[in-house]
Amino acid sequence: MTSFISHTTIDSRDAYELSEWWKRLLGYRDLPDDPNAPGHEECMIEHPQTGHRLLFIEVPDTKQVKNRIHLDLRPTEGTRDEEVERVLAAGATQVADLRGTDGPGTGWVVLADPEGNEFCILRSEADLANPAT
């Protein structure tokens, strides 16, 4: 007997606003039969092709320390560095820059969403195909 991951849950102060931010960032959508709206305390979004779901739940606590679990994102187009710039322009903040720590063309960048939840931008498939960059 085994289990499978139904969805990933992210605590938030404003479930709707944070789900909207991640929806734009990842190209996700509201569930067709359960659209999100301002004031909803639970907001679920899903990837239109894979069906992967993220659930944002409002909690009274503010984030205090580093996440124990975080998302690692790999760009579907372009490079890691281009994706980092796009995500920063969308409102993320940079937490740590670990590019090149193991030589040219390696590493990742740690960012935080508008509520401080950390996530990483990894090298894209194009970056991996050309490790010298």
Side-chain angles (χ1 to χ4, degrees):
M1 192 177 207
T2 64
S3 297
F4 67 94
I5 297 171
S6 168
H7 55 271
T8 304
T9 301
I10 299 172
D11 291 347
S12 60
R13 288 187 308 263
D14 186 327
Y16 175 73
E17 286 299 321
L18 199 57
S19 72
E20 289 295 299
W21 189 85
W22 279 99
K23 188 167 52 173
R24 288 187 301 274
L25 190 75
L26 298 174
Y28 279 39
R29 65 179 182 197
D30 289 342
L31 302 182
D33 59 342
D34 187 19
N36 299 319
H40 283 185
E41 295 177 356
E42 296 185 6
C43 296
M44 187 173 290
I45 59 175
E46 71 178 353
H47 188 275
Q49 282 80 41
T50 68
H52 177 260
R53 293 179 173 186
L54 293 173
L55 174 63
F56 298 86
I57 297 180
E58 287 187 11
V59 297
D61 314 313
T62 58
K63 185 177 170 305
Q64 300 287 323
V65 297
K66 185 181 184 309
N67 301 4
R68 295 285 307 243
I69 295 175
H70 67 268
L71 302 175
D72 284 341
L73 307 180
R74 190 173 307 279
T76 56
E77 297 176 9
T79 67
R80 172 200 55 211
D81 297 344
E82 291 168 337
E83 184 68 356
V84 167
E85 292 306 315
R86 182 184 80 86
V87 174
L88 287 171
T93 56
Q94 185 171 305
V95 175
D97 189 341
L98 302 168
R99 291 178 273 200
T101 56
D102 293 324
T106 66
W108 59 93
V109 178
V110 182
L111 301 170
D113 71 17
E115 290 196 9
N117 301 301
E118 293 97 359
F119 61 98
C120 296
I121 304 290
L122 307 176
R123 294 170 56 219
S124 69
E125 295 294 333
D127 289 329
L128 293 171
N130 189 7
T133 60

task = Decide, yes or no, whether a salt bridge links Glu83 with Arg86 under the criterion of side-chain N to carboxylate O below 4.0 Å.
result =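 Yes, charged N to carboxylate O under 4.0 Å.
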
Looking at [X] and [Y], what are the two nearest heavy atoms and their distance?
| X | Y | result |
| --- | --- | --- |
| Gly27 | Pro48 | O-CD, 3.3 Å |
| Lys63 | Gly116 | CE-O, 3.0 Å |
| Glu17 | Asp14 | N-OD1, 3.0 Å |

inquiry  = Could you go through Ile45 and Glu20, starting from their C-alpha distance and side-chain angles, then the distance that decides it, and tell me whether this counts as side-chain contact (heavy atoms from CB on, under 4.5 Å)?
reply    = CA-CA 9 Å; Ile45 59 175; Glu20 289 295 299; 5.9 Å; no

Indicate yes or no: at least one non-hydrogen side-chain atom of [X] is less than 4.5 angstrom from one of [Y].
| X | Y | value |
| --- | --- | --- |
| Val109 | Val87 | no |
| Leu26 | His47 | no |
| Asp11 | Glu115 | no |

ask   = What do you reckon, are the aromatic ring centroids of Phe56 and Trp21 less than 6.0 Å apart?
value =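 No.
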
Between [X] and [Y], is there a donor-acceptor pair closer than 3.5 Å when you use the side chain of the first and the backbone of the second?
| X | Y | value |
| --- | --- | --- |
| Asp127 | Arg80 | yes |
| Ser124 | Gly78 | yes |
| Glu58 | Ala15 | yes |
| Asp102 | Gly107 | no |

Distance (rounded to the nearest 0.5 Å) between [X] [atom1] and [Y] [atom2]:
| X | Y | atom1 | atom2 | value |
| --- | --- | --- | --- | --- |
| Leu55 | Ser12 | CG | OG | 8.5 Å |
| Asp81 | Arg123 | CG | CZ | 10.0 Å |
| Leu128 | Thr106 | CG | OG1 | 11.0 Å |
| Asp72 | Glu118 | CG | CD | 12.0 Å |
| Ile121 | Gln94 | CD1 | CD | 10.5 Å |
| Ile57 | Leu18 | CD1 | CG | 12.0 Å |

Please check if [X] and [Y] belong to a single hydrophobic cluster, counting links between Ile, Leu, Val, Met, Phe, Trp and Tyr side chain heavy atoms closer than 4.5 Å.
| X | Y | value |
| --- | --- | --- |
| Leu71 | Leu88 | yes |
| Val110 | Leu73 | no |
| Val95 | Leu98 | yes |

message = Show, in sequence, the C-alpha distance, side-chain angles and deciding distance for His52 and Thr8, and conclude whether the side-chain contact (heavy atoms from CB on, under 4.5 Å) test is met.
response = CA-CA 8 Å; His52 177 260; Thr8 304; 3.6 Å; yes

query = Which residues satisfy the salt bridge (Lys or Arg N to Asp or Glu O under 4.0 Å) test with Arg29, sequence neighbours excluded?
reply =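 Testing Arg29 for salt bridge (Lys or Arg N to Asp or Glu O under 4.0 Å), a comparison that skips the adjacent residues, returns Glu46.
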
key: Worked verdict on Ile10 versus Phe119 for side-chain contact (heavy atoms from CB on, under 4.5 Å)   = CA-CA 12 Å; Ile10 299 172; Phe119 61 98; over 6 Å; no

ask   = Does a donor on one side chain sit under 3.5 Å from an acceptor on the other, for Thr62 and Gln64?
value =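 Yes.
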
message = Let's go through Asp97 and Val84 carefully: what are the C-alpha distance in whole Å and the side-chain angles of both, what is the deciding distance for side-chain contact (heavy atoms from CB on, under 4.5 Å) to 0.1 Å, and is it a yes or a no?
response = CA-CA 10 Å; Asp97 189 341; Val84 167; over 6 Å; no

